[in-house]
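Here is the structure we will look at.
In this chain, residues are counted from 1 in sequence order.
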Amino acid sequence: MIFPDCRADLALRDGYHSPQVDVAVRLNTNESPYPPPEGWRRDLASAIENVEFNRYPDRAATRLREALAGLHQVRPDQVFVANGSNEVLQSICLAYGGPGRRAAVYEPTYALHSHIAHLSSTEVVQGTRRDDFSVDVDQVADVTAAARPDITFLCSPNNPTGNALPAVSAAEILELSPGLVVLDEAYGDFADWSAISMVDDEVPLVVTRTFSKTWSMAALRLGYLIGPARVVASLERVALPYHLDALKQIAGRLAVAYGDEMRRRVAAIVSERRRLQGALENLDVDVWPSEANFLLFRPKSRKGDEVWHGLVDRGVLVRNTSNWPSLPAGCLRVTVGTGTENDAFLSALKETL
Ligand SMILES: *Cc1c(COP(=O)(O)O)cnc(C)c1O
């Protein structure tokens with residue numbers, strides 16, 4: 001049998017994978033270590049009773065968008081919802097990127113921004129962050145003037161480095177960008193400020209959010225965007241019909257009522273992050289400041305890769321970023337877990353170092 005080849009440009013590209021290794025302490029994908037509220041589970045169980053499974057779900061996800069609009073004090077027509085914020089990013093690339101169009105990224109940053117751009121045949125223009133991982137607005141101005149990107153991706157707090165983009169930088173970049181500015185705030189609830197307050201129907205800025213991290217609902221696969229109504233309308237043109245299933249729409253809407261519980265979990269994680277940061281500063285590693293639920297660190301006297309294996313051998317999985325081309329060699333990224341998990345990580349790390 002002769003089998004058809006997939007697109008040649010895809011053959012050059014690996015999929016995006018974070019290994020799902022079966023160990024006791026999993027601190028590699030920035031999930032919440034806490035389960036969602038019990039009350040939400042009960043609400044969901046009783047709401048499922050009334051789902052009309054023989055019917056397609058509400059294509060406009062009206063009630064979910066209303067709930068999210070209420071949460072962020074915007075209008076429902078300024079909210080786009082999808083299966084994880086990665087699907088939001090994909091919709092952005094389909095609607096605003098594509099052949100003959102360009103997306104700018106500033107490395108090191110979230111790998112999916114350039115990956116999804118490539119998948120959608122959007123040309124990727126790469127800038128670099130400063131050594132402290134901050135975004136150099138003068139360089140953004142140069143890249144933007146040379147490449148005229150249709151999409152500029154930014155991430156705040158930035159994954160995998162943890163630092164947030166200052167509000168003044170966001171405003172300056174918005175001012176000089178000819179295309180759509182996408183601010184990925186997957187970790188926005190952990191930081192001091194959000195660009196959602198800058199969203200306006202007349203400003204080409206969108207802010208993406210997810211239920212995967214702060215809401216403790218990575219299994220749900222629900223993400224959204226807050227942006228100008230006309231951008232939301234464009235994204236709806238590329239979304240598949242009924243792409244958001246009925247259960248997810250209900251689960252997300254019910255979750256929004258538990259915002260206070262979410263903020264309590266976030267506060268607990270932030271305080272654990274500070275403790276973990278302090279403990280790492282006393283070990284033979286460099287550690288960078290973070291406004292997210294993870295820390296980037298680099299062993300000073302051992303190879304990152306060896307330390308990663310040493311941790312796995314001791315039942316602790318962190319993200320092996322030691323060979324990422326845009327990061328200094330030997331870095332590792334650890335998600336902030338529960339107090340017990342963080343202690344397990346710290347003692348495994350001490351032994352390994
Ligand atoms: C985890 C993460 C996402 C989340 O994607 P989902 O598809 O919503 O799970 C998006 N952006 C960044 C920067 C992330 O780290």
Side-chain angles (χ1 to χ4, degrees), residues 65-82 85-86 88-89 91-93 95-97 103-106 109-110 112-113 117 127 129-130 133-141 143-145 148-159 161-211 213-215 223-236 256 259 262-263 266 290-292:
R65 288 166 67 193
E66 282 169 1
L68 290 168
L71 177 70
H72 293 296
Q73 327 239 296
V74 297
R75 299 189 316 271
D77 67 356
Q78 296 176 311
V79 182
F80 176 75
V81 281
S85 57
N86 286 328
V88 175
L89 299 170
S91 304
I92 292 169
C93 285
Y96 289 87
V105 299
Y106 294 87
T109 192
Y110 188 47
L112 265 287
H113 294 162
R129 289 167 173 257
R130 295 192 186 92
F133 304 132
S134 61
V135 173
D136 177 352
V137 177
D138 291 335
Q139 196 204 106
V140 176
V143 169
T144 300
R148 310 292 297 166
D150 302 280
I151 304 169
T152 296
F153 283 113
L154 295 164
C155 188
S156 178
N158 186 47
N159 183 3
T161 60
N163 58 310
L165 181 74
V168 283
S169 304
E172 286 168 359
I173 292 168
L174 199 50
E175 194 65 38
L176 59 82
S177 295
L180 190 65
V181 175
V182 179
L183 193 51
D184 184 334
E185 286 193 358
Y187 305 96
D189 287 309
F190 294 107
D192 294 341
W193 81 281
S194 165
I196 290 178
S197 58
M198 294 165 65
V199 168
D200 185 295
D201 277 339
E202 301 310 318
V203 175
L205 167 73
V206 297
V207 179
T208 64
R209 289 281 180 116
T210 174
F211 278 73
K213 316 286 164 57
T214 50
W215 288 93
Y224 60 97
L225 159 158
I226 306 292
R230 66 182 105 183
V231 175
V232 170
S234 301
L235 298 176
E236 274 159 5
V256 173
M262 181 273 281
R263 282 179 280 275
V266 166
S290 168
E291 290 193 51

Intermediate values then yes/no, salt bridge (charged side-chain N to carboxylate O under 4.0 Å, His left out), Arg209 and Asp184:
CA-CA 7 Å; Arg209 289 281 180 116; Asp184 184 334; over 6 Å; no
Verdict with reasoning, Val203 to Met198, per side-chain contact (heavy atoms from CB on, under 4.5 Å)
CA-CA 8 Å; Val203 175; Met198 294 165 65; over 6 Å; no
Using side chain to side chain donor-acceptor pair (under 3.5 Å), reason through Gln78 and Asp201 one step at a time and then give a plain yes or no.
CA-CA 8 Å; Gln78 296 176 311; Asp201 277 339; 3.1 Å; yes
Between Lys213 and Asp189, is there a salt bridge with N-O shorter than 4.0 Å?
no
To the nearest 0.5 Å, atom CH2 of Trp215 lies from atom CE of Met262 at 4.0 Å
Check: Phe133 main-chain N/O paired with Asn163 side-chain donor or acceptor under 3.5 Å
yes
Within the distance-only criterion (no hydrogens, no angle test), does the side chain of Ser169 pair as donor or acceptor with the backbone N or O of Leu165 below 3.5 angstrom?
no
Taking every heavy atom of Leu183 against every heavy atom of Cys155, the minimum-distance pair comes out as CD1-N, 4.1 Å
Which residue in the set Thr208, Thr214, Ile196 passes side chain to side chain contact (heavy atoms under 4.5 Å, CB included) when paired with Glu185?
Ile196
Just do the side-chain contact (heavy atoms from CB on, under 4.5 Å) check on Val231 and Tyr96 with the steps written out, would you?
CA-CA 9 Å; Val231 175; Tyr96 289 87; 3.6 Å; yes
Carefully, step by step, assess Leu180 and Asp150 under the rule side-chain contact (heavy atoms from CB on, under 4.5 Å).
CA-CA 6 Å; Leu180 190 65; Asp150 302 280; over 6 Å; no
Could you go step by step and tell me if Arg75 and Glu66 meet the salt bridge (charged side-chain N to carboxylate O under 4.0 Å, His left out) rule?
CA-CA 8 Å; Arg75 299 189 316 271; Glu66 282 169 1; over 6 Å; no
Using a strict 4.0 Å threshold on nitrogen-to-oxygen distance, state whether Arg65 and Glu236 make a salt bridge.
yes
In this structure, are over 12 heavy atoms from other groups packed under 6.0 Å from Glu175 atom CD?
no
Heavy-atom side-chain proximity of Arg129 to Asp136 below 4.5 angstrom
no
Passes side-chain contact (heavy atoms from CB on, under 4.5 Å), Val232 versus Asp77? Steps please.
CA-CA 7 Å; Val232 170; Asp77 67 356; 5.8 Å; no
So, the side chain of Ser290 versus the backbone of Ala292: is there a donor-acceptor pair under 3.5 Å, distance only?
yes
Measure across Val137 and Arg130 and return the closest heavy-atom pair with its distance rounded to 0.1 Å.
N-NH2, 4.5 Å
How long is the gap from CG on Asp200 to CG on Leu174, to the nearest 0.5 Å?
10.0 Å
First locate atom OG of Ser197, then atom CD of Gln73, and finally report the distance between them rounded to the nearest 0.5 Å.
11.0 Å
Val182: which of Leu89, Val207, Leu154 passes side chain to side chain contact (heavy atoms under 4.5 Å, CB included)
Leu89
For Gly227 and Val206, which heavy atoms make the closest approach, and how far apart are they?
CA-CG1, 4.0 Å
Which distance, rounded to the nearest 0.5 Å, do you find between the OH of Tyr187 and the OG of Ser156?
12.0 Å
Closest heavy-atom pair, Cys93 versus Ile151, reported as atoms and distance to 0.1 Å, is CA-CD1, 4.1 Å
Any donor-acceptor pair under 3.5 Å linking the side chain of Ser234 with the backbone of Arg230?
yes
Is a donor on one side and an acceptor on the other found under 3.5 Å between the side chain of Thr144 and the backbone of Val140?
yes
Shortest non-hydrogen contact between Tyr110 and Asn158, atoms and distance:
N-OD1, 4.3 Å
Over 60° means perpendicular and under 30° means parallel, so tell me whether Phe153 and His113 are parallel, tilted or perpendicular.
parallel
Of all heavy-atom pairs linking Val143 and Pro149, the shortest is O-CD, 4.5 Å
